[in-house]
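These numbers come from the heavy atoms of this one structure, side chains and all, not from hydrogens, waters or symmetry mates. Start at 1 with the first residue, then count along the sequence. Every number for a ligand or one of its atoms is a count from 1 in the order of the listing.
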Amino acid sequence: MFPVLPLLLLAYVLLSVLCASATIFNNKTDEDFLLEFKASLNQQSGVLSAWNTSIELCDWPGVGCSLKHKDRVTVLNLSSQGLSGTITPSIGNLTFLKILDLSSNKLQGEIPSSVGNLRRLKNLILSNNLLQGEITTQLKNCSLLESMELDSNLLTGEIPSWLGGLSSLKAVYLSKNNFTGIIPQSLGNLSSLEEIYFARNQLEGTIPKGLASLNSLMYIDLGENQFSGTIPKRFYNISSLILFRVTMNKLHGIMLPTDLGVHLPNLQYLRLGINHFTGSLPSSLANSTKIYSLVISINNFTGSVPPEIGKLCPNFLSFDTNQLTATTAQDWEFLTFLTNCTRLNIFDIQDNMLGGMLPSSIANLSTQLQILYVGYNEISGKIPSGISNLAGLTQLQFSNNRFTGVLPDSIGMLNSLRVLGFDGNQLAGSLPSSLGNLTQLQRLYTDNNNFQGPLPLQIITLSSLSFALHLSYNYFVGPLPPEVSSLTKLAYLYLSGNNLSGSIPYSISSCQSLIDLRLNSNSFNGSIPASISKMKGLIILTLYNNTLSGTIPEELGLMDGLIGLYLSHNNLSGGIPESFENMTSLDMLDLSFNQLDGKVPLHGVFSSALYCLLTSLYHFCVPENSNQTAQKFEFERHTNRGPKF
Ligand SMILES: *[C@@H]1O[C@H](CO)[C@@H](O)[C@H](O)[C@H]1NC(C)=O
Ligand SMILES: *[C@@H]1O[C@H](CO)[C@@H](O)[C@H](O)[C@H]1NC(C)=O
Ligand SMILES: *[C@@H]1O[C@H](CO)[C@@H](O)[C@H](O)[C@H]1NC(C)=O
Ligand SMILES: *[C@@H]1O[C@H](CO)[C@@H](O)[C@H](O)[C@H]1NC(C)=O
Ligand SMILES: *[C@@H]1O[C@H](CO)[C@@H](O)[C@H](O)[C@H]1NC(C)=O
Ligand SMILES: *[C@@H]1O[C@H](CO)[C@@H](O)[C@H](O)[C@H]1NC(C)=O
Ligand SMILES: *[C@@H]1O[C@H](CO)[C@@H](O)[C@H](O)[C@H]1NC(C)=O
Ligand SMILES: *[C@@H]1O[C@H](CO)[C@@H](O)[C@H](O)[C@H]1NC(C)=O
Ligand SMILES: *[C@@H]1O[C@H](CO)[C@@H](O)[C@H](O)[C@H]1NC(C)=O
Ligand SMILES: *[C@@H]1O[C@H](CO)[C@@H](O)[C@H](O)[C@H]1NC(C)=O
Ligand SMILES: *[C@@H]1O[C@H](CO)[C@@H](O)[C@H](O)[C@H]1NC(C)=O
Ligand SMILES: CC(=O)N[C@H]1CO[C@H](CO)[C@@H](O)[C@@H]1O
């Protein structure tokens with residue numbers, strides 16, 4: 001009989017040997033793999049210094065073990081530990097791992113494909129590192145994955161369609177990488193998905209309809225990509241939706257159906273800015289009563305704002321740069337309703353076609369309001385004096401409307417203001433000296449109005465002004481007081497186009513931060529103070545169209561940062577200082593329409609600007625080789641348009 005038993009025995013022995021050898025070659029433990037991981041990092045200090053064999057594995061900082069299998073690691077969390085270096089493939093040998101969190105470090109290189117061996121992994125969190133390459137295909141094996149957080153890295157390639165097979169996924173964070181291509185249709189299969197963050201990549205194509213059938217979706221951020229097409233209608237039925245953000249894409253269409261909001265009771269963030277949406281704002285949006293942030297800026301929304309919108313209570317409300325209209329009091333009713341909203345913090349309706357009168361109820365808006373932009377509309381009537389109730393305002397901007405009447409004295413009570421703009425209206429009377437009480441003010445724009453009287457000393461000495469003081473193109477008379485020397489932090493001083501007279505105060509040289517000084521088109525007389533040359537940061541100086549006399553001070557030639565110097569249309573006499581040859585930055589020099597004589601210097605700017613100097617035929621003398629920096633500077637005269645939200 002054939003000896004069955006010995007054969008079985010032999011097989012058993014063979015098997016044992018094989019198994020034994022397997023353990024011989026495979027006897028590394030989780031501890032060894034973590035030490036390999038440590039070795040691949042550039043620093044061994046910090047928490048990693050306690051990763052050594054004299055300490056129990058499960059007591060290593062950042063490491064958590066299985067309760068049943070004491071030597072098996074289930075949690076590795078080294079978030080924000082200042083780690084740099086690469087992630088070794090040995091990480092994939094920690095096969096009991098459920099949570100891998102290496103976020104907010106400086107890890108480089110690719111995500112190793114061995115991560116696909118972590119079949120028990122639920123949370124993969126590698127956000128905020130310097131990881132490169134594509135998302136490894138092996139990750140599709142991690143079928144229990146609930147969150148994949150890879151945002152803020154340098155990842156490239158397409159969003160893989162196998163992602164649609166990870167049916168436990170609740171959160172996918174891919175924002176702030178360099179992903180390209182389209183959103184795969186397959187993501188529509190992820191019925192547990194609650195969070196999609198794809199913002200700030202180079203994604204394109206349309207938003208797949210399938211995404212709009214994800215009934216658990218709470219957060220979707222597709223902002224700052226190149227998505228085109230329209231928004232699938234079914235999004236407006238996802239009642240769980242909290243955040244919907246598509247800011248800065250190329251989306252178009254009538255974004256907002258008339259029943260928008262009816263089925264979105266949880267919506268808090270609706271951010272549609274910088275797209276090509278059209279149509280009107282539906283009143284039904286008022287059904288989304290939890291709205292916290294509503295931003296539709298830079299689109300082509302039309303029509304009036306329904307009064308119901310004012311019954312919402314957002315913290316942040318921006319209609320900036322659309323074509324919204326208002327003509328009647330009824331069209332402004334939304335604003336009156338908004339006065340019940342105490343948490344309103346930013347309210348921006350600038351750059352629309354809103355006309356008619358501003359309701360006086362504006363004075364009853366929240367005292368929490370910090371930013372109010374109503375500029376670049378067609379609003380007429382007076383500035384309500386009750387505006388001074390809005391004690392929390394730090395920025396108030398009424399620029400480029402049709403406001404008339406006087407600027408109420410009470411403005412001086414808004415003592416948190418840092419930016420105040422009334423430029424481009426038809427305001428008259430004198431500028432209230434109470435503005436001098438605004439000791440936080442950094443920018444004041446009152447240019448292009450009909451203000452008259454002398455320059456209030458309280459404003460000319462408001463030393464908090466650190467950016468702009470624009471008083472140009474009004475009817476101010478009298479001298480520029482020597483106390484202007486208090487404006488030591490100011491960069492832009494514009495006094496052009498008034499009827500200021502007397503001499504330019506010598507003390508102006510104390511305004512050491514000035515970049516751009518415009519005194520043109522006034523009635524200044526006397527000579528140009530040589531002290532001007534002490535303002536070393538000056539780039540533009542306009543003194544044209546005054547009645548300045550005497551010679552051009554030699555010292556001006558020391559201003560080697562000056563790009564534009566405009567002295568035309570005065571009564572200047574004598575020669576052109578030779579020192580001007582040394583003004584190496586000069587791009588635009590205009591000395592025309594004066595009584596200058598003598599030799600024209602030969603070098604520097606003069607090597608090409610000779611022609612216009614001699615003929616005095618041209619208002620501006622542009623050197624042939626000029627790249628017209630100064631001219632650009634002239635046209636880029638900054639306006640008081642608030643930043644777009
Ligand atoms: C694995 O076990 C063998 C035999 O005991 C030993 O020689 C080898 O050093 C071990 N390897 C590791 C990495 O511990
Ligand atoms: C570690 O993982 C690699 C594959 O990534 C595998 O080849 C190797 O056998 C594993 N080692 C152990 C001891 O499990
Ligand atoms: C291991 O880490 C502990 C805690 O940081 C430290 O006190 C000890 O000196 C280390 N041992 C070795 C061998 O590095
Ligand atoms: C990892 O640790 C950090 C800091 O202790 C903690 O904030 C974070 O929630 C942890 N990660 C996970 C996935 O638990
Ligand atoms: C992202 O991709 C674009 C286009 O492929 C490329 O020009 C850019 O340099 C990339 N940026 C980063 C940070 O990799
Ligand atoms: C709004 O419409 C005008 C006229 O059709 C167009 O020129 C402009 O680019 C549009 N703006 C946006 C943000 O789509
Ligand atoms: C503000 O709310 C109160 C109480 O809900 C209400 O009676 C009043 O009419 C509201 N006022 C405005 C302007 O909406
Ligand atoms: C401005 O301050 C002065 C005194 O500092 C005070 O008399 C005046 O009432 C204030 N004006 C306003 C409008 O607050
Ligand atoms: C010169 O200034 C006067 C008075 O401000 C103004 O009316 C006139 O337009 C100015 N001319 C030029 C050329 O700027
Ligand atoms: C131009 O600058 C040089 C070097 O600073 C100086 O020596 C020279 O005198 C200056 N020329 C004139 C005309 O000021
Ligand atoms: C043009 O102007 C820029 C900015 O001031 C400067 O950097 C550049 O060198 C200039 N180019 C020439 C040809 O003058
Ligand atoms: C459920 C609900 O609140 N529906 C309201 C939605 O908005 C419209 C227009 O404001 C109202 O008429 C509905 O009553």
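- Within the structure, the closest approach of T278 to ligand 6 does not fall below 4.0 Å when heavy atoms are considered.
- Taking all atoms of both residues into account, the shortest heavy-atom contact from L41 to T86 is CD2-O, 3.7 Å.
- Screening residues 158-173 for side-chain hydrogen bond (donor to acceptor under 3.5 Å, both in side chains) gives Y173-E195 as the qualifying pairs, with residues at least two apart or on separate chains.
- Protein residues with a heavy atom closer than 4.0 Å to ligand 4 are N77, I99, D101, I125, listed by chain and number.
- Backbone and side-chain nitrogen or oxygen atoms of N299 are examined, and none is located within less than 3.5 angstrom of a nitrogen or oxygen of ligand 6.
- Inspection of the S54 and N52 side chains reveals an N or O donor paired with an N or O acceptor under 3.5 Å.
- The closest side-chain heavy-atom distance from C65 to K70 is not below 4.5 Å.
- Counting only N and O atoms by type, the side chains of S127 and D151 include a donor and acceptor under 3.5 Å apart.
- Here E31 pairs with nothing under the salt bridge (charged side-chain N to carboxylate O under 4.0 Å, His left out) rule; sequence neighbours left out.
- Within the structure, salt bridge (charged side-chain N to carboxylate O under 4.0 Å, His left out) contacts touching residues 199-209 (residues at least two apart or in different chains) are R200-E224.
- Under 4.0 angstrom from ligand 6, there are no non-hydrogen atoms of T321.
- Remark: ligand 2 atoms within the under-4.0 Å shell around heavy atoms of N93 are 1 (C), 2 (O), 3 (C), 8 (C), 10 (C), 11 (N), 12 (C), 14 (O).
- For ligand 2 and S114, the ligand atoms under 4.0 Å from any heavy atom of the residue are 5 (O).
- A donor-acceptor pair shorter than 3.5 Å cannot be found between the side chains of T278 and N300.
- Close approach of ligand 2 to F33 (heavy-atom distance below 4.0 Å) involves ligand atoms 12 (C), 13 (C).
- By the criterion of a heavy-atom distance under 4.0 Å, the side chain of N117, and not its backbone, is placed next to ligand 2.
- Interface of H276 with ligand 6, defined as ligand atoms under 4.0 Å from a residue heavy atom, comprises 12 (C), 13 (C), 14 (O).
- The shortest distance between side-chain heavy atoms of L187 and L169 does not fall below 4.5 Å.
- Checking S103 against S79 by side-chain atom types alone, a donor-acceptor pair falls below 3.5 Å.
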